[in-house]
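We number each residue from 1, following the sequence as shown.
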Amino acid sequence: MSSTEEMPIIAHDQLEEASDGGGYTQMVNENEGDSKQEKQEQPKGVSRTAEEKEVLKKKLEKFYAEYNPSMLEGGHIESIVNSNTPDGVLFRRLFEKYVHDDSEDDYEEHPQIVDEGKQQRKVFKERKVKPKGGHTLARKFSDYTMALLIPVSMTMIIVVWAVTNFTPISKVSDASQGGLLLPVATENKNDSSSEKFSGAVLNSIVIVGFFILVTSIMVVLYKYNCMKIIAGWLITSSAMILYVMGWIWFDLFCTKYQIPYDAISCFIILLNFGTVGVICIYFRGHPKMTQAYLVATSSIMAWFLTRIPEWTTWVLLAAVALYDVFSVLCPKGPLKALVEESQKRDQAIPGLIYESKSYKLGLGDFVFYSVLVGRAAVYDYLPWVVCFLAVLTGLCATLICLGIFRKALPALPISIALGIIFNFSTRYVLLPYDIRYTNIRI
């Protein structure tokens, strides 16, 4: 999970909730506007038995698990338990700091506050403390969702930019694209619709079959603990993307903006770019750098796949979405087997995975989201904008389902279905109307 964005907040909480109860003293000092009479009425320090400390620890773990999970690490709860702050004052200050809404429902979810007596709750409500923010359920969901929507959006926008700027100046024609990227049937402009569709279906079957084979090999290697082979496989794949395809992007970028370069400077730039990327992704790096390289890897791959001819692209997207359902939800699905094996071992799933707070999304999902939007951008600006919004809507719907079912779910079906529907609706319904309206105004 990426904690970079939360680091300032965590550091602030650590200062306020430090050991010896000093942090809670600071929390009291933040309310210097309170009356002197209220300060004088605060209970004195207490000394807890081992049993009382264990009970308090469980209550704090339950509280922080909902309002500030970062405090569960680093021994902060132990330092709070060992302090001499009375339980009533402790939880009252915590609620003043974190709870956004002072409704009865919030207190019912935390019986430890009721255990301290209803008087604490009554005093808190009579003071009519104004909400100071904190993490309600809606706010937490929005924060976690945005932490995932932002990188997905950045990847799609980068791919659209690349399609707009790099694809027109690349030297690969549509005909040669078919021979380079299509495994079985090529797609030519002079082919009939039935020929294009049948060829697209055949290509999609072969490509999805390749996905099944690769995933199955990954599951077998992981099951027999061949982690070095998996690591070498993944590192080699990422290196190829960053070095080779990164060079293609570098060359197209310099060509587009007329930037001169020589072989030595190109080698040095790409060597640094690729090496730092591999280190950040697989070994150690700043979380922001790691996330940036994952977005860059997804963008490069997605742009490359947008060069597949149109009919094959749309049929392939639908086929991949169906494969995603089978792979994740079916009892014998390869991805389901991989997830179950990783949970059994209590290990991270091997592969290129973007981690964002409480969500994990494979880079393959990034890639196919961006392929859909990038392919729509080849046609016109309006379809890609609509597809962009449709993909994000589908992703939000998937996250809602994830919260409801609380198990691994396929990330592609809803977004891909909405994207395909809205793409063709825009192209054949909205776009002609927009063109006619624009011509009338002119």
Side-chain angles (χ1 to χ4, degrees), residues 1-2 5 66 135-160 208 211 291 294-295 298-299 302 305 313-331 333 335-336 338-339 349 351-377 382-430:
M1 291 185 246
S2 172
E5 296 179 359
E66 179 171 357
H135 292 286
T136 61
L137 180 61
R139 179 171 178 177
K140 286 194 296 184
F141 178 76
S142 63
D143 290 343
Y144 296 159
T145 303
M146 288 304 299
L148 192 59
L149 292 184
I150 289 175
V152 171
S153 301
M154 290 176 60
T155 305
M156 293 190 291
I157 291 174
I158 291 173
V159 171
V160 170
V208 171
F211 290 161
Q291 293 175 347
L294 291 175
V295 170
S298 304
S299 302
L305 293 177
T313 300
W314 295 114
V315 175
L316 177 61
L317 287 171
V320 169
L322 293 176
Y323 161 72
D324 200 23
V325 175
F326 157 77
S327 183
V328 176
L329 298 182
C330 288
L335 283 181
K336 183 177 180 62
L338 189 62
V339 171
I349 299 175
L352 291 171
I353 298 176
Y354 188 98
E355 298 184 4
S356 174
K357 292 187 178 181
S358 63
Y359 297 125
K360 295 181 180 181
L361 189 65
L363 287 202
D365 301 318
F366 279 72
V367 169
F368 286 108
Y369 291 157
S370 303
V371 169
L372 190 152
V373 176
R375 189 68 225 184
L382 193 57
W384 84 256
V385 172
V386 174
C387 288
F388 177 87
L389 297 176
V391 168
L392 295 184
T393 302
L395 181 56
C396 290
T398 303
L399 296 180
I400 292 174
C401 294
L402 188 64
I404 295 173
F405 297 104
R406 296 190 177 277
K407 66 176 183 178
L409 294 176
L412 290 178
I414 300 178
S415 294
I416 295 298
L418 290 178
I420 292 176
I421 292 172
F422 280 96
N423 171 73
F424 289 103
S425 299
T426 303
R427 286 176 59 171
Y428 296 108
V429 177
L430 184 59

Colleague: Less than 4.5 Å apart, side chain to side chain, heavy atoms only: is that true for I416 and V320?
Modeller: no

Colleague: So which atom in L329 and which in K336 form the shortest heavy-atom distance, rounded to 0.1 Å?
Modeller: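 Heavy atoms of L329 and K336 come nearest at O-CD, 4.0 Å.
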
Colleague: Relative to each other, are the rings of F326 and Y323 parallel, tilted or perpendicular (30° and 60° limits)?
Modeller: tilted

Colleague: L412 versus Y369: any side-chain heavy-atom pair under 4.5 Å?
Modeller: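 With C-beta onward as the side chain, the pair touches.
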
Colleague: CG/L316 to CZ/F211 distance, rounded to the nearest 0.5 angstrom?
Modeller: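 Reported to 0.5 Å precision, the distance equals 6.0 Å.
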
Colleague: Can you tell me how far CG of L392 sits from CG of L149, rounded to the nearest 0.5 angstrom?
Modeller: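 Answer rounded to 0.5 Å: 5.5 Å.
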
Colleague: If you look at every heavy atom in N423 and A376, which pair is closest and at what distance?
Modeller: OD1-CB, 3.5 Å

Colleague: I would like to know whether V152 and L361 meet side chain to side chain contact (heavy atoms under 4.5 Å, CB included); could you show each step before the answer?
Modeller: CA-CA 10 Å; V152 171; L361 189 65; 4.0 Å; yes

Colleague: Side chains of F388 and V385: closer than 4.5 Å at any heavy-atom pair?
Modeller: no

Colleague: Using every non-hydrogen atom in the two residues, find where T155 and S298 come nearest and quote the distance to one decimal.
Modeller: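 Minimum heavy-atom contact is CG2-CB, 3.8 Å.
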
Colleague: Tell me if a side-chain donor or acceptor on D324 pairs with a main-chain N or O of A411 at a distance below 3.5 Å.
Modeller: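 Such a contact is found between D324 side chain and A411 backbone.
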
Colleague: How long is the gap from OH on Y144 to CG on L402, to the nearest 0.5 Å?
Modeller: 13.0 Å

Colleague: If I take atom OG1 from residue T398 and atom CZ from residue F405, how far apart are they, to the nearest 0.5 angstrom?
Modeller: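 Rounded to the nearest 0.5 Å, the OG1-CZ separation comes out at 11.0 Å.
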
Colleague: Rounded to the nearest 0.5 Å, what's the gap from CE on M156 to SG on C387? Could you check?
Modeller: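 Separation between the atoms: 10.0 Å.
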
Colleague: Quick check: do F366 and P151 have side-chain heavy atoms less than 4.5 Å from each other?
Modeller: yes

Colleague: On a heavy-atom basis, which atom in A390 and which in F422 lie closest, and how many Å separate them?
Modeller: CB-CD1, 4.0 Å

Colleague: Closer than 3.5 angstrom, by distance alone: can the side chain of S370 be matched with the main-chain N or O of S299 as a donor-acceptor pair?
Modeller: no

Colleague: What's the separation between atom CG in L430 and atom CZ in F424, rounded to the nearest 0.5 Å?
Modeller: 15.0 Å

Colleague: Could you tell me if the side chain of L148 sits less than 4.5 Å from the side chain of Y354, heavy atoms only?
Modeller: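 In contact.
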
Colleague: Looking at C396 and T145, what are the two nearest heavy atoms and their distance?
Modeller: SG-CG2, 4.0 Å

Colleague: Shortest non-hydrogen contact from I420 to L372?
Modeller: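 For I420 versus L372, the nearest heavy atoms are N-CD1, 4.1 Å.
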
